[in-house]
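One structure is given below, encoded as structure tokens.
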Amino acid sequence: NAGVMQNPRHLVRRRGQEARLRCSPMKGHSHVYWYRQLPEEGLKFMVYLQKENIIDESGMPKERFSAEFPKEGPSILRIQQVVRGDSAAYFCASSLKDAHEQFFGPGTRLTVL
Amino acid sequence: KQEVTQIPAALSVPEGENLVLNCSFTDSAIYNLQWFRQDPGKGLTSLLLIQSSQREQTSGRLNASLDKSSGRSTLYIAASQPGDSATYLCAVQSGGSYIPTFGRGTSLIVHP
């Protein structure tokens, strides 16, 4: 009974490259949230998705960042043309329904050189 | 805009003490409040979820209460142990699209 899976756990990119972060929700969960956590800062909401739909992306930068949750396969957070300021831990969480308990993955630690 | 504050930011106690962590939020129109713990370099582990219609939830040595009208929740940890050392985060879900807002956490150290 796997929990929320994220890969890769660690990702190193050079400035200008693309970063793709994957999140597989818990079995049966169709709601996925992405967060970013910077040292000395709190957990910041980025985007909320349900299968094939973006419900709320108000926390995601308008440029370079995109997210999807296809009918089949994991949710993907994509960061194009990464900059050093994108270095952070990115977490995803899944839930069974709206306003239900969230379960978190172990995170992907992105380092931009 | 929902804002969540956690006090204290850090806490150091000897093993065996009972302790209370506080969480306050500005918009009382919430769906639920969830407490998590986060160990260094790890993800978040869910501890307790309180729906807006509930007053408290208990799990083992943990008890969380919710006073929605005053915008407050407390997490009570009984008989603290060194293994309880972690950062404790609270989060509320509110708004039309159930957006979660997190506090910045309370860093707890329980020393033997």
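Residue numbering restarts at 1 for every chain, and letters A, B, ... go by the order of the sequence lines. Predicted model only: the values in this text are computed from it and were never measured.
- Note that CG of A:Leu43 and CD of B:Gln38 are 7.0 Å apart. Values are rounded to the nearest 0.5 Å.
- When hydrophobic clusters are built by joining Ile, Leu, Val, Met, Phe, Trp and Tyr residues whose side-chain heavy atoms come closer than 4.5 Å, directly or via intermediates, B:Ile99 is not grouped with A:Met46.
- Using a 4.5 Å cut-off between side-chain heavy atoms of Ile, Leu, Val, Met, Phe, Trp and Tyr, with links allowed through other members, A:Ile79 and A:Val83 fall into different hydrophobic clusters.
- Using a distance-only test at 3.5 Å, with no hydrogens or angles considered, a donor-acceptor pair links the side chain of B:Gln34 to the main chain of A:Gln102.
- When heavy atoms are compared at a cutoff of 4.5 Å, B:Gln6 does not approach chain A at all.
- By the rule that hydrophobic residues join a cluster once side-chain heavy atoms approach within less than 4.5 Å of another member, A:Val47 and A:Phe69 end up as members of one cluster.
- There is no contact between A:His31 and chain B, counting heavy-atom distances below 4.5 Å.
- If you look at B:Tyr98 and A:Tyr48, their ring centroids are not closer than 6.0 Å.
- Contact of the A:Tyr33 side chain with the B:Gln93 side chain is registered, since non-hydrogen atoms from C-beta on lie closer than 4.5 Å.
- Linking ILVMFWY residues whenever their side-chain heavy atoms come closer than 4.5 Å, directly or via other members, places A:Phe45 and A:Ile55 in the same cluster.
- Using a 4.5 Å heavy-atom cut-off against chain A, no residue of residues 71-88 of chain B qualifies as contacting.
- For residues 41-62 of chain B, the interface with chain A (any heavy-atom pair closer than 4.5 Å) comprises B:Gly41, B:Lys42, B:Gly43, B:Leu44, B:Ser46, B:Leu49, B:Gln51, sorted by residue number.
- Hydrophobic clustering keeps A:Leu21 apart from A:Phe104 (ILVMFWY residues linked when any side-chain heavy atoms are closer than 4.5 Å, directly or through intermediates).
- The two residues A:Tyr35 and B:Pro100 have their closest heavy-atom pair at OH-CG, 3.0 Å.
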